[in-house]
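Report on one structure; see the data block that follows.
Index from 1, following the sequence. For ligands, and for the atoms within them, numbers begin at 1 and follow the listed sequence.
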Amino acid sequence: MITWGCQMNVYDSGKMSDVLAPLGYGPAESPADADMVILNTCHIRERATDKVFSELGRLRVIKETRAAEGKQTILAVAGCVAQAEGAFITERAPYVDIVLGPQTYHRLPEMVARAHRAAGPVIETDFPVEQKFDFLPETAPSAERAVTAFLTIQEGCDKFCSFCVVPYTRGAEASRPAAAVIAEAKHLVARGAREITLLGQNVNAYHGAGADGRDWGLARLAYALADIPGLDRIRYTTSHPRDMDDDLIAAHADLPALMPFLHLPVQSGSDRILAAMNRRHTADDYRRLIEKLRTARPDMAFSSDFIVGHPGETAADFEATMQLVRDIGFAQAYSFKYSPRPGTPAAGSPGMVAEPEKDGRLAELQALIRAQQDDFNARTVGLEIPVLVTGAGRHAGQINGRSPYLQAVHMDGPVSLTGQVVPVKVQGLMTNSLTATLINASPTQERASA
Ligand code: 5AD
Ligand code: SF4
């Protein structure tokens, strides 16, 4: 299983492993040892798609070498490239056996059986009416105990931002019923999860059927999940500013388990470009929203996504993005050069920005974001923070954990603390992590410390 792209793909790869486990499949060390290779792919930018075809070229050689030794190798392409490109994949790479879209993973065993019969490539990219979640197994009994887990609660997106393929590859927004989400969360907690990240392409648009027969929004779901004993931390990603409603903001004020760190993509700080992007909010709407969230939960920190060089973006538009970043101050953020995706409205728009211009803007934005991230991390040094211990560290006597802000934390301590939230004092910074010392070895409530 080779996984690219977002956390939804990581979650889906786990589910594909789970449906294949009863057939006797388990993880392989390398493609050369594998009876089947599944590429779980990402289509969000052109570079992500290109990677798939170059990896397929490499896998072809492995498949041929193994065939010469009398071994069969099934090659499957899953994920958003499979959904978007469909049969085009097997035209370009005829040695691929299975092409399966994200809504068909529960049928993977049947596809594998068909591929074994070798009656030509198997291509499944429908959006079936049945809910795939009803057919996917709960985390397989062999699954390792993981302190942090993902849980997909909705898929698809109805927002149709000008640049984005997601509404086409993942389809219309669909939410899982609250009872199914709560059952899966309880199951994950019983298996050792203490932190669950709720996933969805547009997760705060969640509106699943509730236990009371009404539609529940994400806020209502968060309150219900926060009642599960042993579930210390809840996160959700990725959100759209338009769906950040007052109930959800209130939940951040009310629920200590809802972590004070939010990934809230804004994409641009220019109202002209936001309109061209079909984001349906302004830069000031976003500033006001951040203010409301900070009022509800003063220790809240933010992450975001930015695109530079969307068609029509001028130097002044880009400067408006830089100003928004300066105004907000992010704990971290991702930024990308605009990449035209076939079939999306922006790909056919006039005013394409030249590549060197995009490179320059990206470098400038990334330098600012890096400086803000370093500054944010530096400000945690000396603080007492609650850390969720995730397991043994690289060195003897060392353990690893996660801060409320998703910073990796290393400290000396017993592995027996795994799964507990402990107070630590942050001592120093490494490139991408913090070093800390335990304040005392007894577990604490999240709210009892800084
Ligand atoms: N070009 C560049 N970046 C994109 N993203 C989505 N589509 C594109 C594109 N065509 C970025 C957005 C989104 C993140 C997941 O990827 O910033 O939030
Ligand atoms: Fe894509 Fe996110 Fe916009 Fe939906 S809200 S179209 S997933 S960028």
Ligand-residue contact atoms, ligand 1 with [X], heavy atoms, under 4.0 Å:
X: Ser339; result: 1 (N), 2 (C), 9 (C), 10 (N)
X: Gln267; result: 12 (C), 13 (C), 17 (O), 18 (O)
X: Tyr338; result: 1 (N), 2 (C)
X: Ile44; result: 5 (N), 6 (C), 7 (N), 8 (C), 9 (C), 10 (N), 16 (O)

query = Can an N or O of Arg341 be found at a distance shorter than 3.5 Å from an N or O of ligand 1?
reply =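 Between Arg341 and ligand 1 (N or O atoms, distance only) the closest approach is not under 3.5 Å.
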request  = Indicate, with yes or no, if the rings of Phe163 and Phe336 have centres closer together than 6.0 Å.
outcome  =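 No, ring centres 6.0 Å or more apart.
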ask   = When the aromatic ring centroids of Tyr236 and His252 are compared, is their separation below 6.0 Å?
value =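 Under 6.0 Å, so yes.
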query = Could a heavy atom of Lys337 be found less than 4.0 Å from some atom of ligand 1?
reply =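 Lys337 counts as a contact of ligand 1 under the 4.0 Å cut-off.
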query = Heavy-atom contacts under 4.0 Å between Phe336 and ligand 1: side chain, backbone, both, or neither?
reply =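 Side chain only.
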message = Any side-chain to backbone donor/acceptor pair from Asp317 onto Thr314? Under 3.5 Å, distance only.
response =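 Confirmed, Asp317 side chain pairs with Thr314 backbone.
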key: Proximal candidate to atom 7 (S) of ligand 2 [heavy atom criterion; set Asp158, Asn278, Val166, Ile44]   =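 Selected option, by shortest heavy-atom distance: Val166.
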task = Could you tell me the residue and atom name of the protein heavy atom closest to atom 3 (Fe) of ligand 2, and the distance to it rounded to 0.1 Å?
result =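 It is Cys161 SG, 2.3 Å.
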ask   = With a cut-off of 2.8 Å, does any N, O or S atom of Cys164 fall short of it relative to atom 1 (Fe) of ligand 2?
value =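 Yes, Cys164 qualifies, because one of its backbone or side-chain N, O or S atoms lies under 2.8 Å.
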